[in-house]
Structure formats: C-alpha cells, structure tokens
Amino acid sequence: MATDYDAPRKSEEDLSEDSIEELKSRRADIGSNDVDEDENEAAESFELPGADLSKEELTVLVVPPQEDEFTCTSCFLVQHTSQMSENSDPSAPICIDCAG
Ligand SMILES: [Zn+2]
C-alpha cells in the first residue's frame with residue numbers, strides 16, 4: 001500500500017516538476033505561437049479589407065469630385081449635390097447628414 005501510495009506521489013511530483021518545466025518552455029512556445037497565430041490571423045483578416053480600403057481610398061483620391069458632387073466641409077466626404085443641405089453656405093457646403 002505504502003509503496004503503491006508513494007509511487008504515484010513521486011511520479012506526480014516528477015510529473016509536476018516536469019510539467020512545470022515543460023509548461024515554462026511550452027508557455028514560451030505556445031505564447032509565441034499564439035502571438036504569431038494571432039498576428040497572422042489579424043494580419044490576414046486585416047490585410048484583405050485593409051488592401052481593399054486602401055485601393056478604394058486611392059480611387060477616391062485619384063478621382064476628383066465631379067461637377068454634381070461636392071466635398072462636405074464638415075465630414076469631408078464627397079457627396080452628390082442632392083445630398084447637400086439646402087441651408088448650407090455655398091462656400092462651405094455641408095451634407096444633409098452633417099446639417100442634421
Ligand atoms: Zn458631411
């Protein structure tokens with residue numbers, strides 16, 4: 001009984017010591033892996049819309065406002081003149097959304 005009782009305790013202690021050291025090394029590995037995976041996932045999920053957004057932003061920057069468009073002086077979005085607030089100052093047009 002005593003031998004049986006000691007045996008698992010020793011192995012448990014050994015296991016715990018081993019597991020602690022393993023955990024330390026694994027924690028570093030897992031931690032770095034998690035960070036890498038998170039960064040990869042974040043980069044992947046962020047890259048796709050980010051690339052699309054940058055392309056769209058480039059398109060918006062390259063294409064000047066058309067004659068039937070104006071740049072809202074409040075939100076600086078290029079809006080169709082139909083979205084211009086009727087009460088806005090022609091020299092400082094604002095969109096209906098910003099006019100409230
Ligand atoms: Zn606006």
Side-chain angles (χ1 to χ4, degrees):
M1 292 295 287
T3 320
D4 290 339
Y5 193 72
D6 279 349
R9 280 184 75 188
K10 282 185 179 177
S11 63
E12 278 183 11
E13 285 179 1
D14 288 341
L15 280 175
S16 64
E17 285 181 4
D18 288 342
S19 63
I20 286 177
E21 288 187 1
E22 282 186 13
L23 277 177
K24 283 181 182 176
S25 60
R26 282 184 188 174
R27 197 177 294 167
D29 291 339
I30 290 175
S32 59
N33 284 342
D34 278 351
V35 170
D36 288 341
E37 285 179 6
D38 287 348
E39 283 181 351
N40 285 340
E41 286 181 8
E44 285 178 1
S45 61
F46 188 80
E47 238 177 71
L48 294 176
D52 291 340
L53 281 176
S54 63
K55 285 180 183 176
E56 288 189 11
E57 283 178 358
L58 279 175
T59 305
V60 170
L61 287 174
V62 169
V63 178
Q66 303 301 301
E67 288 187 5
D68 61 347
E69 290 176 337
F70 72 100
T71 303
C72 174
T73 55
S74 181
C75 64
F76 300 104
L77 290 176
V78 176
Q79 309 261 9
H80 192 264
T81 50
S82 66
Q83 298 300 309
M84 187 188 295
S85 172
E86 294 179 358
N87 298 327
S88 64
D89 187 338
S91 63
I94 60 176
C95 66
I96 295 175
D97 289 340
C98 291

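Heavy-atom basis, side chains included; hydrogens, waters and symmetry copies ignored. Whatever order the structure lists ligands and atoms in, that order sets their numbers, starting from 1.
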Taking only distance into account, with no hydrogens and no angle test, what donor-acceptor pairs under 3.5 Å do side-chain atoms of residues 92-100 form with protein atoms, sequence neighbours excluded?
none

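- Contact between Glu69 and Thr81 at its shortest, heavy atoms only, is N-CG2, 3.9 Å.
- By the side-chain hydrogen bond (donor to acceptor under 3.5 Å, both in side chains) test, Asp89 pairs with Ser91, sequence neighbours left out.
- With rounding to the nearest 0.5 angstrom, the CD atom of Gln79 is 12.5 Å from the CG atom of Asp68.
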>> As a quick check of understanding, evaluate side-chain contact (heavy atoms from CB on, under 4.5 Å) for Phe76 and Ser74, giving each step before the final call.
In response: CA-CA 6 Å; Phe76 300 104; Ser74 181; over 6 Å; no
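- Around the Zn ion (ligand 1), the protein atoms of type N, O or S found under 2.8 Å away are Cys72 SG, Cys75 SG, Cys95 SG, Cys98 SG, listed by chain and number.
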